[in-house]
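Below is one structure, written out as structure tokens; comments come after it.
If you're wondering where the values come from, they're calculated on a predicted model, not measured in any experiment. As a basis for the values below, the full set of heavy atoms in this structure was taken, side chains included, without hydrogen atoms, waters or symmetry mates.
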Amino acid sequence: PQITTTTEDPTTLFPTTTLATITTHTTTTTTTTTHPHNTHTHTTHIHPQPTTHSIPHKLWQKTGSKGLSPQAESWISTWTTLNPHLRHEVLTDSSGLAYVETNFRPIWPEIADLYTSLSVPILRADLLRLLILYIDGGIWSDLDVSCEVPISQWPIPPAANVVVGIEFDGWQFASWTVLSTPGNNHIYHAIEYVAGRLEALAQANNVTVGEVTMEMIPDVVDVTGPQAITMAFLETISESVGRRVGKDEVEGLGEGGVLL
């Protein structure tokens with residue numbers, strides 16, 4: 001389904017969403033990977049060494065060229081007021097680009113090239129979410145999300161390394177707020193998955209990834225949004241447990257449910 005948000009109706013974390021928790025060990029070894037959606041095999045990448053095996057207490061957000069609106073400032077204040085010790089960083093277009101160049105150019109240059117070539121803002125923002133969570137971990141939240149309950153009261157098991165909400169359809173993982181440990185294998189695979197979807201989309205339209213326009217995208221959620229993240233996570237979960245994990249098991253989760 002098409003996911004839309006408006007400044008008149010902010011999405012709140014509680015009590016309107018269910019948290020699904022994914023708990024597996026992170027991977028910090030060097031790997032070579034091929035994804036079925038990719039048109040070529042990625043070269044070997046060096047995973048960043050996690051500085052912690054818990055989810056960092058830092059909120060990451062991204063603003064556009066117009067900066068923060070008064071409404072966005074108001075929603076940000078819900079996070080900082082309820083979580084006074086929460087570190088917070090809002091990236092701009094230029095600082096987001098600098099972040100990717102600094103962190104990915106040395107270890108994963110293909111992804112740095114992919115990010116810098118993207119011309120559709122929503123695609124860039126969606127990819128940046130994953131890149132930040134992979135390197136630094138923490139909490140990513142869109143600017144139109146408010147925090148209704150202190151993070152310390154969220155039903156997150158201590159061993160969780162990825163926390164996502166459930167979309168209104170009852171089974172897709174929400175992407176507007178995602179929590180992760182740094183160097184997380186689920187996030188790594190989601191980056192690969194999204195890169196493959198973007199490359200396939202470009203090929204289907206006989207253009208480069210940088211030439212992809214919004215008109216060429218049937219549905220953003222399938223390429224870089226909730227559907228893409230859901231499919232990528234389910235693939236890594238299925239691989240971890242040695243069997244297919246799909247929609248039925250996600251639909252059975254309750255608040256604070258552990259999927260793996």
Side-chain angles (χ1 to χ4, degrees), residues 1-5 31-48 60 62 64-65 91-136 140 142 162 164 167 172-176 178 180 183-236 239:
Q2 182 68 41
I3 309 300
T4 58
T5 58
T31 60
T32 302
T33 57
T34 306
H35 191 274
H37 295 289
N38 288 352
T39 57
H40 63 274
T41 302
H42 285 306
T43 56
T44 300
H45 314 124
I46 301 173
H47 290 240
W60 295 88
K62 165 72 168 60
S65 58
L91 294 177
T92 62
D93 290 340
S94 59
S95 62
L97 178 60
Y99 181 94
V100 174
E101 285 291 339
T102 299
N103 290 286
F104 282 88
R105 182 65 62 189
I107 65 169
W108 202 347
E110 301 96 330
I111 291 300
D113 288 340
L114 177 68
Y115 181 84
T116 56
S117 70
L118 290 172
S119 59
V120 179
I122 185 61
L123 299 181
R124 265 197 171 195
D126 282 347
L127 181 56
L128 183 63
R129 171 199 299 119
L130 297 172
L131 301 184
I132 290 172
L133 289 175
Y134 181 58
I135 294 295
D136 280 287
W140 168 279
D142 291 348
V162 174
V164 292
E167 284 287 3
Q172 287 190 96
F173 298 142
S175 61
W176 39 264
V178 182
S180 175
N184 190 285
N185 191 50
H186 297 295
I187 302 297
Y188 178 85
H189 183 58
I191 294 171
E192 287 191 310
Y193 186 94
V194 166
R197 295 289 289 169
L198 288 168
E199 292 166 359
L201 179 65
Q203 280 208 340
N205 287 275
N206 295 312
V207 297
T208 65
V209 171
E211 294 170 330
V212 169
T213 65
M214 197 66 189
E215 292 71 29
M216 297 176 184
I217 307 170
D219 198 336
V220 171
V221 300
D222 294 336
V223 181
T224 58
Q227 176 73 3
I229 289 177
T230 300
M231 299 309 295
F233 283 3
L234 290 180
E235 285 181 0
T236 52
E239 182 179 348

Pairwise distance [atom1]([X]) to [atom2]([Y]) - rounded to 0.5 angstrom:
{"X": "S180", "Y": "D136", "atom1": "OG", "atom2": "CG", "value": "10.5 Å"}
{"X": "N103", "Y": "I111", "atom1": "CG", "atom2": "CD1", "value": "13.5 Å"}
{"X": "R124", "Y": "S117", "atom1": "CZ", "atom2": "OG", "value": "8.0 Å"}
{"X": "I229", "Y": "H186", "atom1": "CD1", "atom2": "NE2", "value": "13.0 Å"}
{"X": "Y115", "Y": "R105", "atom1": "OH", "atom2": "CZ", "value": "12.5 Å"}
{"X": "M231", "Y": "D222", "atom1": "CE", "atom2": "CG", "value": "9.5 Å"}

Please check this pair: side chain of [X] against backbone of [Y], looking for a donor-acceptor N/O pair closer than 3.5 Å.
{"X": "T116", "Y": "D113", "result": "yes"}
{"X": "T230", "Y": "F173", "result": "yes"}
{"X": "T102", "Y": "A98", "result": "yes"}

Practice problem: Go through L123 and I217 one step at a time and tell me if the side-chain contact (heavy atoms from CB on, under 4.5 Å) criterion holds. | Solution: CA-CA 10 Å; L123 299 181; I217 307 170; 3.7 Å; yes

Quiz item: Crowded around E101 CD? As in, over 12 foreign heavy atoms under 6.0 Å?
Solution: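 Atom CD in E101 is crowded, with more than 12 foreign heavy atoms closer than 6.0 Å.
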
[X] to [Y] - nearest heavy-atom pair and separation:
{"X": "E211", "Y": "M216", "answer": "O-CE, 3.8 Å"}
{"X": "G210", "Y": "S119", "answer": "O-OG, 3.2 Å"}
{"X": "A232", "Y": "Y193", "answer": "CB-CB, 3.7 Å"}

Check: [Y] and [X] side chains under 4.5 Å, non-hydrogen atoms:
{"X": "E167", "Y": "W176", "answer": "yes"}
{"X": "I132", "Y": "L91", "answer": "yes"}
{"X": "I135", "Y": "I107", "answer": "yes"}
{"X": "L201", "Y": "P218", "answer": "yes"}

Self-check item: side chain to side chain donor-acceptor pair (under 3.5 Å) partner of K62, the single match among T92, D93, D126
Solution: D93

Quiz item: Listed by chain and number, what are the side chain to side chain contact (heavy atoms under 4.5 Å, CB included) partners of V194, not counting sequence neighbours?
Solution: L127, L130, L198, T224, A228

Practice problem: Output, in order, the C-alpha distance, side-chain angles, deciding distance and verdict of side-chain contact (heavy atoms from CB on, under 4.5 Å) for L133 and N184. | Solution: CA-CA 8 Å; L133 289 175; N184 190 285; over 6 Å; no

Quiz prompt | Trace of the side-chain contact (heavy atoms from CB on, under 4.5 Å) decision for N205 with V212 | solution = CA-CA 8 Å; N205 287 275; V212 169; 6.0 Å; no

Practice problem: Would you please indicate if the ring centroids of W108 and Y188 are separated by under 6.0 Å? | Solution: yes

